[in-house]
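Okay, structure first, notes after.
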Amino acid sequence: MIALLGLTAAFAGSDWKSGIPWKKPFVVTPAEKVGNPPSDAVILFDGKDMSAWDHEWVIENGDLVVGKKDLFTKQKFGSVQLHLEFATPAEVKGSGQGRGNSGVFFGNYEVQILDSYENETYPDGQCASIYKQTPPLVNVCRKPGEWQTYDIVYNCPELNIEKDESGKVQSVQVLRPAYITVFQNGVLVVNHHEIKGSTFYNRPPAYEPHEAKVPIKLQDHGNKTRFRNIWVREIPDVNPMPQPVKAAYYE
Ligand code: MG
């Protein structure tokens, strides 16, 4: 170890190269205001246009209000960064899971939206939980009716789906689970959490077969939660790690 340290010291001041032929990152223009979409975002809701979605919910004063049936994006997405803003109803009605309940789903995996401001429910079902898989690290909810932000990183799973000759699924093997990270109102509340499967209400999580790319869904749970400023950026499923073209070296 002493000899190794001596060797390292001999190169101090030299420029170490990894030997990996990294591509130059694309230039993305950030929004003037943090939280607004950067230049490479796919806009899902901008206050007036619902063309990204499979049907319409009511728009009131530029806010998208939860309407009939779950809302699905027409476009399918794999791994993404998603930004959305939501406000649970200012007029507090109901309790527990019945207060301001909605949710954002990446296919089968729900990040809960709920009024969890002085509203008790089971921790793994409160706002910013991965529904019935983990509570958020902290409760950073604003008051009912106040706007809140979610910034979510979703890494899609890699599934090996075996089918028989008729196309019936025989088995689902999880080659790489999904992971979700959530910032709520700028605070980290879910840290690269491993997803155990679909987020069911009435049974344990389990992976079900699905394509890598899936619609993003906003949930109709019967409460008039509002949304605005929804956008996504498509990201690699895993961090790219090209092979070095030559061994690491000093220059
Ligand atoms: Mg929900």
Side-chain angles (χ1 to χ4, degrees), residues 44-45 53-55 57-58 63-73 77 80 82-154 156 178-185 187 189-190 193-208 210 214-230 232:
L44 297 180
F45 183 67
W53 302 90
D54 71 330
H55 68 283
W57 282 355
V58 171
D63 305 340
L64 181 62
V65 185
V66 170
K68 284 217 165 56
K69 297 193 299 178
D70 295 343
L71 197 61
F72 293 86
T73 57
F77 298 96
V80 289
L82 175 138
H83 174 93
L84 66 73
E85 297 170 25
F86 68 93
T88 60
E91 187 188 344
V92 171
K93 278 193 225 161
S95 62
Q97 293 287 307
R99 190 185 291 184
N101 195 337
S102 181
V104 54
F105 285 70
F106 302 88
N108 299 330
Y109 318 116
E110 180 182 17
V111 177
Q112 175 70 301
I113 290 172
L114 194 74
D115 175 358
S116 286
Y117 186 86
E118 299 179 352
N119 176 35
E120 290 298 316
T121 188
Y122 41 97
D124 57 1
Q126 74 178 63
C127 194
S129 63
I130 306 297
Y131 188 69
K132 292 199 176 173
Q133 295 194 27
T134 185
L137 295 167
V138 292
N139 180 343
V140 70
C141 288
R142 296 191 197 278
K143 291 177 182 172
E146 294 186 4
W147 284 102
Q148 311 196 50
T149 60
Y150 269 172
D151 290 281
I152 301 175
V153 180
Y154 166 69
C156 71
Y179 291 91
I180 292 179
T181 297
V182 183
F183 289 84
Q184 182 183 4
N185 302 322
V187 175
V189 288
V190 176
H193 191 79
E194 181 181 322
I195 303 303
K196 300 294 187 194
S198 302
T199 52
F200 298 113
Y201 165 68
N202 56 359
R203 54 192 170 104
Y207 275 98
E208 301 173 291
H210 67 78
V214 291
I216 293 172
K217 176 178 113 176
L218 299 178
Q219 186 185 40
D220 167 23
H221 205 284
N223 303 141
K224 298 293 181 194
T225 289
R226 290 167 177 265
F227 293 91
R228 69 181 186 189
N229 193 18
I230 311 173
V232 286

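Numbering of residues begins at 1 and proceeds along the displayed sequence. Order of listing sets the numbers, starting from 1, for every ligand and every atom in it.
Geometrically, Arg228 engages Trp147 in a cation-pi contact, judged by NZ or CZ lying under 6.0 Å from the ring centre and within 45° of the ring axis.
The side chain to side chain donor-acceptor pair (under 3.5 Å) check on Asn139 picks up nothing, with sequence neighbours excluded. Tyr150 is linked by a ring-ring contact (aromatic ring centres under 6.0 Å, His included) to Phe86, counting only residues two or more places apart in sequence or in another chain.
The count of protein N, O or S atoms under 2.8 Å from the Mg ion (ligand 1) stands at 5, with waters excluded from the count.
A side-chain donor-acceptor contact under 3.5 Å links Asn185 and Gln148.
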Show me the donor-acceptor pairs within less than 3.5 Å that the side chains of residues 105-114 make with the rest of the protein, sequence neighbours left out.
from   : atom 1 : to     : atom 2 : distance (Å)
Asn108 : ND2    : Ser198 : OG     : 3.4
Tyr109 : OH     : His210 : NE2    : 2.7
Gln112 : NE2    : Gln97  : OE1    : 3.1
Gln112 : NE2    : Gly125 : O      : 3.1

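Salt bridge Lys217/Asp70: present, at least one basic N to carboxylate O contact under 4.0 Å.
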